[in-house]
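Since the structure comes first, as structure tokens, the remarks are kept for the end.
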Amino acid sequence: MSVSKGMGYLLGVLVLLPLWGCSSSSQVEPPKVTQPQPTSLVLATPLQVSYQSELALARLGQMLGEMELTPEQRAELFYERAVVFDRVGLRSLARLDFNRALREKPDFAEAYNFIGVYLVQQQNYDEAYEAFDSALELAPDYDYAYLNRGIALYYGNRPSLSISDMKRFYEAQPEDPYRALWFYLAERKLDESTAMSHLRDHLNKHGDDAWNWDLVRLYTGQINATQLMGSVVKGVKDNRELAERLCETYFYLGKFELFKGNRKEAISYFKLALANNVYDFIEHRYALLELELMARKSPPPGSQTQSEQNSKPAAL
């Protein structure tokens with residue numbers, strides 16, 4: 001989901017998990033055991049910076065440098081350029097322009113929302129809450145500020161407050177499967193059983209044949225990952241659409257595997273979400289954050305996760 005629409009690319013490096021094998025001096029080679037790999041791997045060509053984006057940046061820069069503008073006009077142009085910078089992954093430049101927009105127009109709710117998102121990615125949660133609070137004071141009905149503040153509270157380990165924001169965001173458009181998923185993720189931190197019960201209710205009431213409702217069906221156990229990947233590629237019109245779908249799908253698969261305790265698989269999926277270069281999607285932003293959080297919680301040297309133990313080859 002795009003942050004520029006409220007939900008929202010850092011280039012993830014795709015690491016193919018190697019085959020586990022042992023060399024032998026005898027003529028009979030020992031059996032090779034394959035390490036776990038993501039189910040039904042599908043890849044898109046990573047998105048590149050478009051000519052339209054480059055042209056937009058050039059034109060906006062020219063307008064800002066040469067035209068006589070009011071503070072409000074300058075704020076709008078800084079904001080528009082920041083959105084383009086964000087879309088192509090130049091986040092430092094984007095944040096600089098969002099701050100410039102706020103200096104020109106201190107009541108710019110959308111700019112506060114973007115600043116808050118960047119602060120969450122830096123794990124600067126207290127300042128992120130303040131940015132989202134400012135956005136909502138200026139625009140109380142700004143749906144995506146509730147989502148983004150809810151995500152900040154989710155990663156900031158304040159689940160009760162996160163649930164409140166996610167509930168409001170979900171209720172504004174309950175037919176959106178992404179809203180149902182984020183509501184579930186928030187609720188799950190407090191009560192896994194209640195969260196799953198609500199997610200099933202949301203699916204029964206609002207689920208349809210759209211491919212992204214299959215993300216919810218994966219979580220509720222109605223389909224598996226292989227079936228989900230079959231849905232992802234159906235009806236895809238071009239590479240951009242495929243890259244966007246894969247960014248979303250691999251992120252939610254990463255969370256799904258993480259909940260099952262499959263750390264290795266989760267890491268692979270989060271890296272795959274990054275590999276599509278869909279910089280302005282919320283799933284891209286938080287796949288990177290998930291990897292950073294997991295790196296901080298690395299298992300002690302010599303220890304193994306359950307999935308690693310299960311996949312360990314027999315001694316040769």
Side-chain angles (χ1 to χ4, degrees), residues 1-10 56-57 60-61 63-64 69-173 176 178-179 182-183 185-186 278-286 288-289 292:
M1 291 179 289
S2 171
V3 168
S4 62
K5 296 179 181 177
M7 303 281 292
Y9 294 146
L10 297 179
L57 290 172
L60 289 165
M63 293 169 69
L64 284 162
L69 302 167
T70 66
E72 184 158 347
Q73 289 172 329
R74 288 181 63 80
E76 291 290 344
L77 290 176
F78 277 130
Y79 178 82
E80 288 180 24
R81 190 171 68 172
V83 170
V84 180
F85 277 139
D86 181 75
R87 188 184 307 134
V88 301
L90 299 175
R91 289 177 176 162
S92 294
L93 293 175
R95 185 171 178 179
L96 185 62
D97 270 1
F98 285 128
N99 281 316
R100 286 169 172 163
L102 285 172
R103 284 199 296 270
E104 299 287 345
K105 184 182 177 184
D107 60 348
F108 208 148
E110 292 85 356
Y112 278 116
N113 180 58
F114 265 102
I115 292 295
V117 169
Y118 288 141
L119 289 167
V120 176
Q121 290 180 266
Q122 295 175 342
Q123 301 175 53
N124 194 342
Y125 300 116
D126 289 338
E127 289 188 29
Y129 305 147
E130 292 176 7
F132 294 129
D133 289 347
S134 296
L136 288 167
E137 285 176 13
L138 294 165
D141 296 325
Y142 189 4
D143 268 6
Y144 287 102
Y146 283 106
L147 165 70
N148 291 321
R149 188 174 68 179
I151 292 174
L153 292 162
Y154 171 81
Y155 283 110
N157 292 315
R158 302 175 73 174
S160 296
L161 294 173
S162 176
I163 290 169
S164 177
D165 277 354
M166 294 299 189
K167 185 172 186 291
R168 176 160 182 159
F169 180 68
Y170 167 77
E171 290 175 344
Q173 195 176 326
D176 181 353
Y178 302 106
R179 298 181 187 231
W182 278 103
F183 190 14
L185 293 177
V278 193
Y279 296 109
D280 59 341
F281 270 35
I282 206 164
E283 291 84 1
H284 185 284
R285 300 178 193 276
Y286 295 118
L288 186 60
L289 179 57
E292 290 173 355

Ring geometry between Tyr129 and Tyr125 (parallel below 30°, tilted from 30 to 60°, perpendicular above 60°)
parallel
Between Tyr144 and Phe169, is the ring centroid distance below 6.0 Å? yes
So the salt bridge (charged side-chain N to carboxylate O under 4.0 Å, His left out) pairs with at least one residue in residues 159-170 (sequence neighbours excluded) are Asp141-Arg168, Arg149-Asp165, Lys167-Glu171
Sorted by chain and number, sequence neighbours left out, ring pair (Phe, Tyr, Trp, His ring centres under 6.0 Å) with Phe108 holds for Tyr79
Exactly one of Phe85, Phe114, Tyr112, Phe78 clears ring-ring contact (aromatic ring centres under 6.0 Å, His included) with Phe98, and that residue is Phe114
So CD1 of Ile151 and CG of Leu185: to nearest 0.5 Å the spacing works out to 9.0 Å
When Leu153, Val120, Ile282 are each screened for side chain to side chain contact (heavy atoms under 4.5 Å, CB included) with Asn148, the one that passes is Ile282
So CD of Glu130 and CD1 of Ile115: to nearest 0.5 Å the spacing works out to 13.0 Å
Any chance you could lay out the side-chain contact (heavy atoms from CB on, under 4.5 Å) test for Leu289 and Gln121, step after step, and finish with the verdict? CA-CA 6 Å; Leu289 179 57; Gln121 290 180 266; 5.7 Å; no
Check: Any sub-3.5 Å donor-acceptor pair from Asn99's side-chain atoms to Arg95's backbone N or O?
Finding: yes
Practice item. Given side-chain contact (heavy atoms from CB on, under 4.5 Å), test Phe183 with Ile163 step by step and report yes or no. Key: CA-CA 7 Å; Phe183 190 14; Ile163 290 169; 3.9 Å; yes
Heavy-atom count check: over 12 atoms from other residues, nucleotides or ligands less than 6.0 Å from Gln122 CD? yes
Heavy-atom nearest pair, Ala186 first then Met166, reads CB-CG, 3.8 Å
One should read off an interatomic distance between Ser162 OG and Leu147 CG, to the nearest 0.5 angstrom, of 9.0 Å
- Task: Decide yes or no on side-chain contact (heavy atoms from CB on, under 4.5 Å) for Gln73 and Met63, but give the supporting numbers first.
- Result: CA-CA 10 Å; Gln73 289 172 329; Met63 293 169 69; over 6 Å; no
Taken to the nearest 0.5 Å, the spacing of Asn113 CG from Tyr118 OH works out to 10.5 Å
Taken to the nearest 0.5 Å, the spacing of Asp97 CG from Asp86 CG works out to 11.0 Å
So NZ of Lys105 and CZ of Arg103: to nearest 0.5 Å the spacing works out to 16.0 Å
Residue set satisfying salt bridge (Lys or Arg N to Asp or Glu O under 4.0 Å) with Arg179, at least two apart, ordered chain then number -> Asp143, Asp176
Tightest non-hydrogen contact, residues Ala139 and Ala109, listed as CB-CB, 4.0 Å
